[in-house]
A.B. asks: 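I have a structure here, written as structure tokens, and I will follow up with some questions on it.
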Amino acid sequence: MSEFAKIEKKWQKKWSKDHVFEANPDSKKKFFLTVPYPYVNGSLHIGHGRTYTVGDLLARYKRMRGFNVLFPMASHMTGTPVQGMVDRIKAGDKMAIEQYKRDLRLYFKTEEEVDAQLMKFTDAWKTAAFFAKVIHQDFDALGYSIDWRRHFTTGDPIYNEFITWQYHKFMDKGYLKQGNYPLLYCPKDQNPVGEDDLLEGTSAKVKEFTAIKWPFEDGFLVAATLRPETIFGVTNMWIHPDKEYVWAEVDGEKWIVSKPACEKLRLQAKDVKTLESFSGSRIIGKTFRAIHDSHEIPILPAEFVDVNNATGVVYSVPGHAPFDYIALLDLQEDPSGLDKYGISPEAVRGIDIISMIDIKGYSEYPAKDAVEKRGINSQNEDEKLEDATQEIYKAEFYEGVMKDNCAQFSGRPIRDVKEEVIEWMKSINRVDVFYEPDQRPVVCKCGADVQVGVFAGQWFLDYESPGWKDKAWEALNEMDIVPELFRNLFESTFNWLTQRPCARKRGVGTKLPFDEEWIIESLSDSTIYMAFYTIAHHLTKNKIRPKQLIMNFFDYVFLGKGTAKKVVEESGISEELLKIMRDEFKYWYPNDQRHTAPSHISNHLSFAIFHHVAIFPKKDWIQCISLNEHMNMEGGKMSKSKGNTIPLVEIPDKYGADVFRTYVVSAAEPASIMDWRERDVPAVRNRLRQFSDIMRKYSKYTPEVPSKKAKRSEITKWALSRVNSIVRDCTEYLESFRIRDYAITAMHEMIRIVNHYQNRTEVPKEELESTMAYICDKWVRMLAPMIPHLCEEYWSKMGHEDYVSLAEWPRLDKALIDLAAERAHVVVESTISDIREILKLKRDKQHKTVHIYVAPSWMFEAMNSIRDADLPMIVGDIMKHLMSKDEFRKHGKEVKNIVDRIAKENGLWDHSTTAKDEISMLRDSSNYISKELGLKVEVHKAEDAKYDPQSKARFSLPGRVSLYLE
RNA sequence: GCGGAGGUUGCCAAGCCUGGUCAAAGGCGUAGGACUUAGGAUCCUAUUCAGUAGUGAUUCGCGAGUUCAAAUCUCGCCCUCCGCACCA
């Protein structure tokens with residue numbers, strides 16, 4: 001058990017007992033912070049901890065800044081994952097059971113208990129409830145300042161009512177639509193499949209081909225392609241001679257496609273009737289007609305045709321497709337097998353390759369170039385051909401221009417014309433769409449090959465509905481995104497967001513009110529729930545039943561529509577309670593800051609913005625989104641299956657909550673991926689120990705409120721100044737979400753300062769103690785957001801009866817910031833390091849004394865004068881400036897030295913204000929210097945140095961003393 | 001492919017927006033010292049190279065450019081990582 005664990009448990013108990021983080025509306029300024037609720041189908045790991053910890057740090061900081069902070073949490077359980085796992089457990093799936101057991105062992109000691117708990121996972125709710133409970137405990141154990149009264153799960157009936165209301169709103173706006181939509185689909189299960197359902201090809205997506213309908217006999221030969229613009233270069237059709245093709249009636253037309261393709265068309269919401277089945281050879285030798293000019297084109301045999309890919313019908317563009325080029329070449333060279341199809345060798349040899357795309361750096365036939373470049377000799381060299389195809393596709397798409405044999409598209413760039421060609425063919429009924437998975441194989445867990453299914457009647461949200469995007473853009477443009485660099489991810493998401501299914505036919509969730517076969521899917525039911533937090537605790541406490549949550553209830557509470565009286569009649573909820581809820585919503589909303597990981601930008605966060613603008617008035621839109629990246633484990637990606645994760649539940653005991661919190665805010669900037677490195681953890685722990693040691697030592701003293709006039713050592717002035725500078729900096733860091741800078745400054749920099757200060761023996765004991773007590777008071781407040789447990793402990797040791805969690809953020813005592821003292825300190829330190837450097841080089845000689853020569857007064861005046869003049873760093877100007885003044889001109893030659901030095905150093909350096917200050921400060925510090933170096937220290941004025949055997953005094957400059965060692 | 005992020009001194013990681021004060025914060029590691037002799041605790045110092053005086057030289061993926069001045073700005077190139085839709 002970690003050494004901090006006892007302290008942590010103690011304060012967690014107290015916080016909970018005193019309801020410290022339960023926030024209710026009051027007269028203070030409010031701050032409503034949310035972090036997305038966790039998905040409760042398993043235990044969380046250390047990576048989740050980063051985001052929640054940052055969220056908690058922000059909440060705690062804001063609280064100390066005097067805000068009434070609401071930081072709530074709920075549990076997400078809708079969708080397929082929980083249900084899926086339960087189903088698999090019930091079905092006896094060994095992998096699923098083992099995975100759950102692994103999670104359960106974290107919470108139970110014996111295998112019996114684990115098994116007993118597993119037995120209880122008979123439905124999604126019981127499973128979710130268990131993990132919701134343990135995650136709550138885990139969060140508490142990390143010191144998160146959450147108001148748990150407002151907890152709910154997305155499977156709760158009252159939450160379903162809320163989502164029902166949300167979708168009624170979308171329906172009213174006309175944003176909710178129904179239509180055809182392609183999805184990966186398992187023909188055996190007769191269900192759409194998601195990543196979790198797949199055995200192989202988990203990253204597969206739906207790829208859309210253009211199916212071109214080439215006129216043939218009384219119907220069409222249907223060829224699927226990604227390059228519809230190449231229809232102008234067609235020279236022939238490729239059909240596999242030995243495979244089965246069909247004549248089918250498809251939506252009332254006669255199509256020829258391969259047999260497997262015909263099956264696929266059925267899944268793709270086509271009305272398909274197979275008329276006749278035949279071998280490919282039957283149509284080889286016949287001709288079909290071109291799209292653009294109806295000339296007759298031959299059908300030739302090709303064994304490279306894969307009837308399982310797309311339609312199994314391939315139109316050939318040898319000028320621009322390497323596969324076609326090499327296949328045609330093969331036939332022309334050896335036409336011997338063709339006579340059985342009634343094709344004469346002359347006919348094949350007579351086929352002219354058509355060049356239809358002009359592209360720089362290639363000949364008339366780019367396909368030929370690419371094939372020859374790779375030395376490809378046969379159509380069997382798949383890999384090389386694939387590579388050549390990629391090259392040509394890319395080059396032609398970006399740089400190609402249609403030649404003048406391309407009808408109305410002549411002279412146009414390919415990239416512009418592609419869509420237009422499709423549109424044109426659509427207008428003359430020559431195209432359709434054909435879907436395929438973008439990779440093979442894709443296999444369902446049931447073992448079946450996955451196909452693309454087009455769902456008729458799929459419900460989706462149409463993000464391109466008139467006006468919706470405009471409003472969302474408005475919200476985004478006015479929203480703070482921190483770090484700002486993530487904004488463009490939102491922008492690109494907004495740009496490509498079109499239609500998106502929002503319901504499926506399985507899983508846990510809210511039934512779509514208009515079509516109860518459908519269940520609202522889990523990304524679509526978690527977008528405006530921040531509003532639900534504002535009233536959730538009232539609903540549970542007052543045992544409001546789902547039935548009472550009628551649409552008018554939400555209209556009233558969230559939108560202020562209608563009257564409480566009317567809602568009372570319909571819902572039976574008391575007017576008083578209604579008003580309380582309405583007021584509470586009004587108080588907390590909008591959500592001031594939503595904090596999460598950037599991976600949610602492309603879906604959840606964008607939806608949250610869209611859904612807010614759809615439902616709420618502008619004043620209730622999300623104000624700010626902040627983000628931190630995910631976490632890696634020892635340089636590698638973390639994943640449960642790899643087993644390289646650390647469960648959240650183990651953190652407090654293994655490391656300590658405060659250690660973890662410190663690590664997680666200080667190891668990387670929010671915008672970069674953090675690496676968890678076990679061997680760095682002890683360093684963090686040691687810092688906290690040092691902090692504890694110092695606190696333990698000085699918390700018993702009374703901090704004297706130091707007035708500016710108080711007489712004190714130079715080094716005390718320095719320490720007081722530094723501490724206040726740090727308070728100022730840390731405040732700024734936290735305000736601008738630079739939490740790492742905050743952590744490093746408030747922890748490392750402070751420790752360094754305190755150590756240095758304690759080492760300065762010249763400070764009288766009482767002065768040191770009261771100064772240290774003053775510093776500790778600032779310090780304990782400053783670190784409270786990051787390491788709240790330790791800070792509570794020492795806060796109470798300081799004699800406070802209240803909580804540091806609720807204390808005031810350290811006040812900045814501006815008057816104690818003493819730049820002169822800080823600069824002087826820099827001079828001393830740089831003097832020491834200069835002396836060290838000399839000692840290092842003169843190691844052979846024993847030195848006893850160091851003579852320090854401080855520059856003459858007029859030089860300080862000269863430096864100050866340059867500073868005050870705020871001149872650009874141009875030698876001539878500075879020279880002119882100084883020489884214009886008599887008091888400096890008389891030192892002409894030396895003035896030049898100063899200016900040369902300034903030029904060399906590219907600016908002014910730190911120095912004391914006057915020679916007198918510098919001397920007195922160095923004399924004050926001479927004990928310290930002496931102790932550091934083991935030398936006797938003598939400080940001289942340069943202009944009348946009593947002792948200067950090597951006449952070093954003349955080299956001195958303000959802040960750059962000259963030295964003589966003997 | 002589309003979109004995005006990034007390559008910094010042994011490792012991790014700041015700095016880059018707002019050029020100079022940057023041989024470049026901080027941590028880890030390593031070395032020396034202090035405390036001392038129990039500590040994998042703490043403190044100090046050092047850690048590109050050269051140098052018998054506080055200095056100089058060469059560095060921030062590669063190459064070029066702008067500038068009095070570039071890790072920082074511009075252009076080109078190489079490499080790595082991430083998201084891409086129905087999936088939380």
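All chains are named by letter (A, B, ...) in the order of the sequence lines, taking the proteins before the strands, and each is independently numbered beginning at 1.
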A.B. asks: State whether Ser522(A) places a side-chain N or O below 4.0 Å from either non-bridging phosphate oxygen (OP1 or OP2) of A88(B).
C.D. replies: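 Looking at the OP1 and OP2 atoms of A88(B), one of them is under 4.0 Å from a side-chain N or O of Ser522(A).
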A.B. asks: So what does Arg836(A) hit on the nucleic acid, given a heavy-atom distance under 4.0 Å: a base, only sugar-phosphate, or nothing?
C.D. replies: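 Answer is sugar-phosphate: Arg836(A) comes under 4.0 Å of backbone atoms only.
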A.B. asks: Indicate, with a heavy-atom threshold strictly under 4.0 Å, whether Glu484(A) touches base, sugar-phosphate, or nothing.
C.D. replies: nothing
A.B. asks: Could you work out the separation of C22(B) and U72(B) based on their C1' atoms and round it to a whole Å?
C.D. replies: 10 Å
A.B. asks: With a 4.0 Å cut-off on heavy atoms, is Val681(A) in touch with a base, just the backbone sugar-phosphate, or nothing at all?
C.D. replies: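 Contact class for Val681(A): none.
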A.B. asks: Can you tell me how far P in G10(B) sits from the matching atom in A69(B), rounded to whole Å?
C.D. replies: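 Between the two P atoms, the distance is 28 Å.
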A.B. asks: Please tell me whether His45(A) and Thr645(A) have a donor and an acceptor in their side chains that are separated by less than 3.5 angstrom.
C.D. replies: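 Note: His45(A) and Thr645(A) side chains miss the donor-acceptor criterion.
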A.B. asks: Considering every strand shown, what is the Watson-Crick or G-U wobble mate of C22(B) when both distances are under 3.5 Å?
C.D. replies: none
A.B. asks: Any salt bridge linking Glu229(A) with Lys418(A)? Criterion: basic side-chain nitrogen under 4.0 Å from a carboxylate oxygen.
C.D. replies: yes
A.B. asks: Measure the distance from NZ on Lys697(A) to P on A41(B) and round it to the nearest whole Å.
C.D. replies: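 The answer, rounded to whole Å, is 19 Å.
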A.B. asks: What nucleotide among A53(B), A88(B), A41(B) has an atom nearest to a side-chain atom of Pro81(A)?
C.D. replies: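 In terms of side-chain proximity for Pro81(A), the closest of A53(B), A88(B), A41(B) is A88(B).
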A.B. asks: Using a 4.0 Å heavy-atom cut-off, does Glu521(A) contact any base of the nucleic acid, only the sugar-phosphate backbone, or nothing at all?
C.D. replies: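 Answer is sugar-phosphate: Glu521(A) comes under 4.0 Å of backbone atoms only.
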A.B. asks: Now, which nucleotide makes the Watson-Crick or G-U wobble pair with G6(B), with each of the two distances under 3.5 Å?
C.D. replies: C79(B)
A.B. asks: Between Thr831(A) and Glu669(A), just flag the one whose closest nucleotide in RNA chain B comes earlier from the 5' side.
C.D. replies: Glu669(A)
A.B. asks: Roughly how many Å apart are U8(B) and A71(B), using the C1' atom of each and rounding to a whole number?
C.D. replies: 7 Å
A.B. asks: So, Arg738(A) and Glu669(A), do they make that salt bridge, N to O below 4.0 Å?
C.D. replies: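 So Arg738(A) does not pair with Glu669(A) through a salt bridge.
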A.B. asks: Is Arg738(A) touching bases, backbone alone, or none of the nucleic acid, heavy atoms closer than 4.0 Å?
C.D. replies: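 Arg738(A): no heavy atom of the nucleic acid under 4.0 Å.
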A.B. asks: Will you find, in the side chains of Tyr698(A) and Gln758(A), an N or O donor that is under 3.5 Å from an N or O acceptor?
C.D. replies: yes
A.B. asks: Should U48(B) form a Watson-Crick or G-U wobble pair with both distances under 3.5 Å, which nucleotide is its partner?
C.D. replies: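 Partner of U48(B): A57(B).
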A.B. asks: Roughly how many Å apart are C75(B) and U66(B), using the C1' atom of each and rounding to a whole number?
C.D. replies: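 The same atom, C1', in both gives a distance of 11 Å.
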A.B. asks: I want to check one thing: is the phosphate of A88(B), taken as OP1 and OP2, less than 4.0 Å away from some side-chain N or O of Thr80(A)?
C.D. replies: yes
A.B. asks: Please measure how far the C1' atom in G56(B) lies from the corresponding atom in G63(B), and state the result in whole Å.
C.D. replies: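 Here G56(B) and G63(B) have their C1' atoms 27 Å from each other.
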A.B. asks: At 4.0 Å (heavy atoms only), tell me whether Ser599(A) reaches a base, stays on the sugar-phosphate, or touches nothing.
C.D. replies: nothing
A.B. asks: Check the distance between U80(B)'s P and Ile673(A)'s CD1 and give it to me in whole angstrom.
C.D. replies: 16 Å
A.B. asks: For C12(B) versus G7(B), give the span between their P atoms, rounded off to a whole number of Å.
C.D. replies: 12 Å
A.B. asks: State whether Trp459(A) and Lys177(A) meet the cation-pi test: NZ (Lys) or CZ (Arg) under 6.0 Å from the six-membered ring centroid, and within 45° of the perpendicular axis.
C.D. replies: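 Ring-cation test returns no.
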A.B. asks: I need the CD-C1' distance between Glu749(A) and G27(B), as an integer number of Å.
C.D. replies: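 Nearest whole value for this atom pair: 14 Å.
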A.B. asks: The side chain of Asn755(A) lies closest to which of these nucleotides: C44(B), A53(B), G27(B)?
C.D. replies: C44(B)
A.B. asks: Mind checking who C11(B) pairs with, Watson-Crick or G-U wobble, both distances under 3.5 Å?
C.D. replies: G27(B)
A.B. asks: Map Lys952(A) and Ala667(A) onto RNA chain B by nearest heavy atom, then report which one ends up closer to the 5' terminus.
C.D. replies: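 The residue mapped nearer the 5' terminus is Ala667(A).
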A.B. asks: Tell me: NE2 of His76(A) to P of A88(B), nearest whole Å?
C.D. replies: 8 Å
A.B. asks: Kindly give the atom pairs (protein nitrogen or oxygen, nucleotide nitrogen or oxygen) under 3.5 Å for nucleotides 28-30 of chain B.
C.D. replies:
{"unit_1": "C28(B)", "atom_1": "O2'", "unit_2": "Arg679(A)", "atom_2": "NE", "d": "3.1"}

A.B. asks: Counting side-chain heavy atoms from C-beta on, which of G27(B), C43(B), C87(B) comes nearest to Ile751(A)?
C.D. replies: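 Within the option list, the nearest is C43(B).
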A.B. asks: Given A53(B), A14(B), G27(B), which nucleotide is nearest the side-chain atoms of Ser672(A)?
C.D. replies: A14(B)
A.B. asks: For Tyr964(A), which contact category applies under a 4.0 Å heavy-atom criterion: base, sugar-phosphate, or nothing?
C.D. replies: base
A.B. asks: By the 4.0 Å heavy-atom rule, please label Ser962(A) as base, sugar-phosphate, or nothing.
C.D. replies: base
A.B. asks: Do Arg760(A)'s NZ or CZ and the ring of Tyr928(A) fall within the cation-pi criteria of under 6.0 Å and 45°?
C.D. replies: yes
A.B. asks: When you check the side-chain N and O atoms of His756(A) and Arg722(A), is any donor under 3.5 Å from an acceptor?
C.D. replies: no
A.B. asks: Can you tell which of G26(B), A88(B), U42(B) lies closest to the side chain of Gln690(A)?
C.D. replies: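 In terms of side-chain proximity for Gln690(A), the closest of G26(B), A88(B), U42(B) is U42(B).
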A.B. asks: Rounded to whole Å, how long is the line connecting atom CZ of Phe486(A) with atom P of A5(B)?
C.D. replies: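 That distance rounds to 10 Å.
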A.B. asks: Once you round it to whole Å, what is the distance between P of C17(B) and CZ of Phe737(A)?
C.D. replies: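 In whole Å, C17(B) P and Phe737(A) CZ are 22 Å from each other.
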A.B. asks: Using the benzene-type ring in the case of Trp, are the ring centres of Tyr529(A) and Tyr37(A) under 6.0 Å apart?
C.D. replies: yes
A.B. asks: Classify the ring geometry between Phe170(A) and His611(A) as parallel (under 30°), tilted (30 to 60°) or perpendicular (over 60°).
C.D. replies: perpendicular
A.B. asks: If the cut-off is 4.0 Å, is Arg504(A) near the phosphate of A88(B), judged by side-chain N/O to OP1 or OP2?
C.D. replies: yes
A.B. asks: Please determine whether ring pair (Phe, Tyr, Trp, His ring centres under 6.0 Å) holds for the pair Trp676(A) and Tyr655(A), giving the CA-CA distance in whole Å, both sets of side-chain angles, and the decisive distance to 0.1 Å.
C.D. replies: CA-CA 13 Å; Trp676(A) 178 268; Tyr655(A) 307 103; 5.2 Å; yes
A.B. asks: Output the residues of residues 600-611 of chain A in contact with RNA chain B, where contact means a heavy atom of the residue under 4.0 Å from an atom of the strand; sort by number or write none.
C.D. replies: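 Here the set is Ser602(A), Asn603(A).
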A.B. asks: Going by distance alone, is a donor N or O of one side chain under 3.5 Å from an acceptor N or O of the other, for Thr510(A) and Asp525(A)?
C.D. replies: no
A.B. asks: State which residues pass side chain to side chain contact (heavy atoms under 4.5 Å, CB included) with Ser951(A); sequence neighbours excluded, sorted by chain then number.
C.D. replies: Asp948(A), Arg954(A)
A.B. asks: Picking from A25(B), A53(B), C87(B), which would you name as closest to the side chain of Leu523(A)?
C.D. replies: C87(B)
A.B. asks: His847(A) and Glu966(A): side-chain donor and acceptor closer than 3.5 Å?
C.D. replies: no
A.B. asks: Taking the six-membered ring for Trp, are Phe494(A) and Phe610(A) ring centroids under 6.0 Å apart?
C.D. replies: yes
A.B. asks: To the nearest Å, give me how far apart CE (Met674(A)) and P (G27(B)) are.
C.D. replies: 16 Å
A.B. asks: Measure CD/Glu629(A) against C1'/G6(B) and give the value in whole Å, please.
C.D. replies: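 The distance from CD of Glu629(A) to C1' of G6(B) comes to 11 Å, rounded to the nearest Å.
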A.B. asks: State which of A5(B), C87(B), C44(B) makes the closest approach to the side chain of Glu932(A).
C.D. replies: C44(B)
A.B. asks: Considering only side-chain heavy atoms of Leu489(A), which listed nucleotide, G4(B), A14(B), G26(B), is closest?
C.D. replies: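 So the nucleotide nearest the side chain must be G4(B).
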A.B. asks: Tell me which nucleotide among G51(B), G26(B), G4(B) gets nearest to the side chain of Asn488(A).
C.D. replies: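 Nearest nucleotide to the side chain: G4(B).
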A.B. asks: Taking G15(B) as the reference, what is the distance to A25(B) when you measure between their C1' atoms (whole Å, please)?
C.D. replies: 8 Å
A.B. asks: Could you work out the separation of A88(B) and U74(B) based on their P atoms and round it to a whole Å?
C.D. replies: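 My reading of the P atoms in A88(B) and U74(B) gives 41 Å.
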